[in-house]
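A short worksheet on the structure shown next.
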Amino acid sequence: MTTIPSPRSLLLAGAFLGVFTFGATGQQASPPAAAPAAAPALPPGSPLIGRPDNEAAQKLAPVAPPPLPTAADKLPAAKLKVPAGFNIEVYASGMANARSLALGDKGTVFVGSRLVGKVYAITSKDGKREVKVLASDLYRPNGVAFRNGTLYIAELSKVSKIEHVEDVLDNPPKPTVIYDNLPKDEAHGWKFIAIGPDNKLYVEVGQPGNVVLHDKDHGQIRRINLDGTGAEVVAYGVRHSVGFDWHPETKQLYFTDNGRDWLSEDVPEDELNRVTKVGEHFGAPYCWQGNIPDSEFGWGKSCSDYTAPVGLMGPHAGVLGMRFYTGSMFPKGLKNAIIVARHGSWNRSKKFGGDVVVVHLDKDGKVKSTEPLITGFLENNSYIGRPVDVMQMKDGSMLVSDDYNGAVYRVSYGKKVAAQ
Amino acid sequence: MPGLVPGIHVFGAVERKTWMARPSPAMTKKMGFPMFRWIASFMLALYAGFAFGAEPIQQRVAPCFDCHGEHGQSETENTPSLGGQNAPYALIQLFMFREKLRTFEPMNDMAQPLTDDDLRTFSDFIATLPKPKPSDEASDAARIQRAQAAATQHRCNNCHKADFSGGENVPRIANQREDYLAKTLTEYKNNTRHGYDGTMADVMAAVTPEQIADLAYYIARVR
């Protein structure tokens, strides 16, 4: 893993020298004569890499979600807007930092978390939901996936499983590790997982920082057999993908990817990508959004050497969870469209995203148009909620998780029918 | 004065009758004491009512002060001063203790029964305690200079601000205890203390043990 110190960041460091004052006896110490000659680069995971030296940029920082879930009666559900004919309601609450979603065969909804070490299970009985903590003391268990009775959980650097999970919700065993040949970086280290039509588990390994050169084990989507064997890289040049799904007809893998920070307010845009053959390279950190060579690593590279995205999803929008809609509850036009959660930007003065959108594809499988499904998470340039993942229920309604409020909402269409 | 304790419970009423109904010469001689006792009981009850009613948190935090110091400044080895700590940061830490995401047994035990609202109340209260004061020991100018260079090199000020007051979920570290600062930075570096997010683990990877000692020395004394 290599990082290059940028002259800009060294300048930035020097700018603060004069600010420190100190003196136990009231004297002011003179600042060092010069910045240390051998100042190492910022740690590769630092969100400050590439940050320009100006006041507007200095005001921006990632938004930390609160550790406590919002009380059910204080959730912003009433402020969330959906198109005419759609309904939105709170499905379940009280799950701090609710992130990725997975659905069990018996209707249990599993919810991962990034910052609080827990995986939750939401069960339903007579239209009433109950939230249980299925596992705790995990390390950044963002990813959850379900197949044939087994729940798979992705922590920062391992994937584990709980078999027959829906039969042991009240007394679950500790998850058993199936795969841990993964780096331990914190930056972009939380993982999304899903199981493909090939019955393999796909796991993303993000690039360990905003814009960094890295070893062969980062910046990719891998797949493994469900017993943890047979790891194979499916896509390279992935900066950080926190959502993917397979086209219901072509079975091609589509994934969201977050563009780099600090290049500018308006570019690059986040990407929606499609894998057409195993081992394709999607550009990061050399090329962004298919046509912008990186200001540092793009020298000597050409965007034409990488697979371009099938669609652009907005500047710093934080595109995360995405699933194809295959249900019959929503209007016909939404069949095989992609529902995408945009968590919302931090690296932009005027925040962008903080919504759930519908992405329509053309016959070539590229983005034709995008329209809003849920808006209202963004109010006066601050978040009142942040959508993370989306998941279709058996009745065709969609669930949406919100890690800011620790809740899951349900979107339905037509005459309001309560969730089962 | 053991007599004062029952005085609170009866709030004078029963006991008052007792001593007023029996104005024996013997009692008259002792008149001064029961009168004092009643007044004292009343005052105590008044105080207790004030403390438990209007400001219950004052009572609830008393056990915290045993280790963390009554006025925001800790005098206990390796135990942080809480004064002026940013409420959102304090909330995250209390939450992490309760959930055992941060391990320190006494704190895990103390936080275990707290509700979400308790966590909010405690963290808001902590923020109102007076900020800790810098150590007034004479300091080593060369060491301070080295520390300032290290703070600049690792961009501590980007989140903790130039005066180390932090903000929101970033802690105030100015004038924190030197031993606690060194311990904490070391724990972040060797990953024995997990942050709420990974920021400090990333930052500390490049900081040397010598720099940790200098930074702790400097930040404890910064003015």
Side-chain angles (χ1 to χ4, degrees), chain A residues 9 12-36 38-48 51 58 61-69 71 94 96 114-118 136-137 139-140 156 184-190 208-209, chain B residues 88-89 91-96 98-101 116-117 119-120 134-142 144-159 161-164 167-170 191 194-207 218-223:
Chain A
S9 56
L12 171 71
F16 285 96
L17 273 176
V19 180
F20 293 108
T21 57
F22 169 79
T25 52
Q27 298 153 318
Q28 189 173 321
S30 53
L42 282 162
S46 170
L48 297 170
R51 189 182 77 168
Q58 281 165 27
V63 183
L68 300 178
R114 176 156 85 85
L115 300 173
V116 303
K118 292 189 168 101
S136 48
D137 295 329
Y139 199 56
R140 316 234 184 272
L156 186 88
K184 293 188 163 55
D185 308 84
E186 288 273 0
H188 298 164
W190 58 97
Chain B
Y89 171 78
L91 176 66
I92 287 171
Q93 297 310 310
L94 287 172
F95 168 82
M96 291 183 75
R98 188 184 71 180
E99 305 295 319
K100 298 194 173 70
L101 295 167
D116 287 2
D117 279 340
L119 298 186
R120 292 188 186 99
S135 156
D136 53 9
E137 289 168 35
S139 60
D140 176 344
I144 297 304
Q145 268 202 17
R146 284 203 307 269
Q148 286 175 328
T152 304
Q153 175 191 338
H154 300 292
R155 283 81 163 177
C156 306
N157 50 19
N158 274 302
C159 300
K161 303 217 178 112
D163 63 357
F164 297 99
E168 295 292 317
N169 57 313
V170 177
N191 220 11
H194 288 154
Y196 185 55
D197 66 18
T199 310
M200 281 304 291
D202 278 336
V203 169
M204 291 310 295
V207 183
Y218 165 53
I219 295 166
R221 290 166 173 76
V222 71
R223 281 172 189 266

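A note on names: the letters A, B, ... follow the listed sequences, proteins ahead of strands, and every chain is numbered from 1. Heavy atoms only: backbone and side chains are in, while hydrogens, waters and symmetry mates are out.
With a 4.5 Å cut-off on non-hydrogen atoms, Ala187(A) touches chain B through its backbone and its side chain both. Interface remark: Pro69(A) contributes backbone and side-chain atoms alike to the contact with chain B (heavy atom separation under 4.5 Å). Contacts of Asp197(B) with chain A are made by both backbone and side-chain atoms, with heavy-atom separations under 4.5 Å. Using a 4.5 Å cut-off between heavy atoms, Phe95(B) contacts chain A through its side chain alone, with no backbone atom that close. If you measure heavy-atom distances from Ile92(B) to chain A, the contacts under 4.5 Å come from both the backbone and the side chain.
For the pair Met200(B)/Val170(B), no side-chain contact is recorded, criterion being any heavy-atom separation below 4.5 Å from C-beta on. Within the 4.5 Å cutoff, the side chain of Asp163(B) has no heavy atoms near those of the Val222(B) side chain. The shortest distance between side-chain heavy atoms of Leu115(A) and Pro67(A) does not fall below 4.5 Å.
The choice from Lys100(B), Met204(B), Arg120(B), Met96(B) that makes the most heavy-atom pairs within less than 4.5 Å of chain A is Arg120(B).
Atom OH of Tyr218(B) is separated from atom CZ of Arg146(B) by 14.0 Å, given to the nearest 0.5 angstrom. A distance of 6.0 Å separates CG in Leu94(B) from CG in Leu119(B), rounded to the nearest 0.5 Å.
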